[in-house]
Amino acid sequence: MNVANKSVVTEFVLLGLSNSWELQIFFFIVFSLFYVATMVSNSMIVLIVISDSHLHSAMYFLLTNLSIIDMSLASFATPKMIIDYLTDHKTISFDGCIAQIFFLHLFTGTEIILLMAMSFDRYIAICKPLRYASIISPQVCIAFVVSSWVVGTMHSMSQVIFALTLPFCGPNKIDSFFCDLPVVFQLSCVDTYVLGLFMISTSGIIALSCFILLFNSYIIVLVTIKHHSSKGSSKALSTCTAHFIVVFMFFGPCIFIYMWPQNSFVIEKILSVFYTIFTPIMNPVIYTLRNHEVNSAMRKLRSKFLNFSTETPSHSL
């Protein structure tokens, strides 16, 4: 009998975050607001960077791609979760569950590589400023983005292939609001200890290693900045601080979930909410509030829009 015939489960029941009707209404309102805010704020960053020629640089090119990934990461499961709060039967098909696993690891894997590219960009800009233009060329930036999606796709495919080989022969209740391997593999009919080792080796250690590399690069950058006391150094410190906050917020939950895949479901739920709902909206907030150039471009775009709005009625008369 082949592997496909062993999986008799055709759908999974998503238990969500709470059984309380009052809490579900609260979550529905809060997460709906967060989702709309995430899509609007990240879309604004993309629009601002595209419309302002002063922001046509490597850092903002990478930031734009980060916003696109954040919108994707916020959309792979959150809309279904919001809709599920209005229904009594919260289920997802087996294929839909596999699709969520694929897109989750695609977007998170892509974001990890992109965050490393952004870190490298800041490292070269601050530690080797005279060589910045020759090292961080437009072609290199495009290569960074393409590489991030390629690596994300390869990582995601490995997780999906692994999930498809798992035999599911009975339990189908997922104690979460979306499908991910740490919760799904515990429903399979095989020894979860070996599966846990796979999770640690393919996701946990990779995330931890990337975080350590990023942490070390920011330490080097901060040490370099410390030896300068100019206005430019202050701006570089602000930018790097924003970058590191984003890195820590993204990697922290990922490392915890995938390094210890048999954790309490309550902790995993909280961390899952953090990096799928809160982090995508925090990225634009951190970058826009701490970035003078983005704020300036935003004001220009707003005044352009207001001028266009006031001129349109006069032309129509």
Residues Cys97, Val184; criterion side chain to side chain contact (heavy atoms under 4.5 Å, CB included); working and verdict = CA-CA 9 Å; Cys97 187; Val184 170; 3.9 Å; yes

Ile92, Ile174, Thr91, Asp175 screened by side chain to side chain contact (heavy atoms under 4.5 Å, CB included) with Val13, the one that passes =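 Considering Ile92, Ile174, Thr91, Asp175, a side chain to side chain contact (heavy atoms under 4.5 Å, CB included) with Val13 is found only for Thr91.
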
Taking C-beta and beyond as the side chain, do [X] and [Y] meet within less than 4.5 Å on heavy atoms?
X	Y	value
Val221	Tyr123	yes
Ile135	Val140	no
Phe177	Phe27	no
Ile136	Cys141	yes
Leu23	Tyr85	no
Phe94	Leu164	yes
Ile277	Phe31	yes

Provide the closest heavy-atom pair for [X] versus [Y] in the form atom of the first, atom of the second, distance.
X	Y	result
Tyr132	Arg122	OH-NH2, 3.8 Å
Ala74	Tyr35	O-CE1, 3.4 Å
Leu66	Leu114	N-CD2, 3.4 Å
Ala163	Phe168	O-CE1, 4.0 Å
Gln24	Ser18	NE2-O, 3.2 Å
Thr108	Leu104	OG1-O, 2.7 Å

Apply side chain to side chain contact (heavy atoms under 4.5 Å, CB included) to Asp180 and His105, showing your working.
-> CA-CA 9 Å; Asp180 192 13; His105 286 272; 3.1 Å; yes

Donor-acceptor under 3.5 Å ([X] side chain, [Y] main chain):
X	Y	result
Thr153	Trp149	yes
Ser217	Leu214	yes
Asn42	Pro280	yes
Ser137	Ser134	no
Asp121	Ala117	no

Mind checking whether Phe248 and Phe211 have parallel, tilted or perpendicular rings, split at 30° and 60°?
->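 Taking Phe211 first and then Phe248, their aromatic rings sit tilted (interplane angle of 30° to 60°).
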
Counting only heavy atoms not in His56, do more than 12 sit closer than 6.0 Å to its NE2 atom?
->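 Yes, NE2 of His56 has more than 12 neighbouring heavy atoms, counting only those of other groups under 6.0 Å.
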
Answer yes or no: are there more than 12 heavy-atom neighbours, outside Phe26 itself, under 6.0 Å from its atom CZ?
->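 No, CZ of Phe26 has 12 or fewer neighbouring heavy atoms, counting only those of other groups under 6.0 Å.
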
Are Phe251 and Phe215 an aromatic pair by the rule of ring centers under 6.0 Å?
->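 Here the rings of Phe215 and Phe251 have centres that are no less than 6.0 Å from each other.
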
ILVMFWY network linking [X] to [Y], side-chain heavy atoms under 4.5 angstrom:
X	Y	answer
Leu86	Trp21	yes
Met59	Val146	yes
Leu15	Val273	no
Phe12	Ile83	no
Val223	Val247	yes

Please walk me through it: do Phe61 and Phe144 pass ring pair (Phe, Tyr, Trp, His ring centres under 6.0 Å)?
-> CA-CA 11 Å; Phe61 175 74; Phe144 279 152; 9.7 Å; no

Rounded to the nearest 0.5 Å, what's the gap from [atom1] on [X] to [atom2] on [Y]? Could you check?
X	Y	atom1	atom2	result
Leu106	Met154	CG	CE	13.0 Å
Leu187	Asn172	CG	CG	7.5 Å
Ile142	Ser147	CD1	OG	11.5 Å
Ser67	Tyr60	OG	OH	12.0 Å
Thr110	His155	OG1	NE2	9.5 Å
Phe76	Thr78	CZ	OG1	7.0 Å

Can you check side chain to side chain contact (heavy atoms under 4.5 Å, CB included) on Phe103 and Ser156, steps first, answer last?
-> CA-CA 7 Å; Phe103 286 115; Ser156 183; over 6 Å; no

Test Ile25 against Ile29 for side chain to side chain contact (heavy atoms under 4.5 Å, CB included), laying out the working first.
-> CA-CA 6 Å; Ile25 293 298; Ile29 295 171; 4.2 Å; yes

For Phe34, the option from Phe28, Phe278, Phe274 that meets ring-ring contact (aromatic ring centres under 6.0 Å, His included) =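 Running ring-ring contact (aromatic ring centres under 6.0 Å, His included) over Phe28, Phe278, Phe274 with Phe34 returns exactly one hit, Phe278.
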
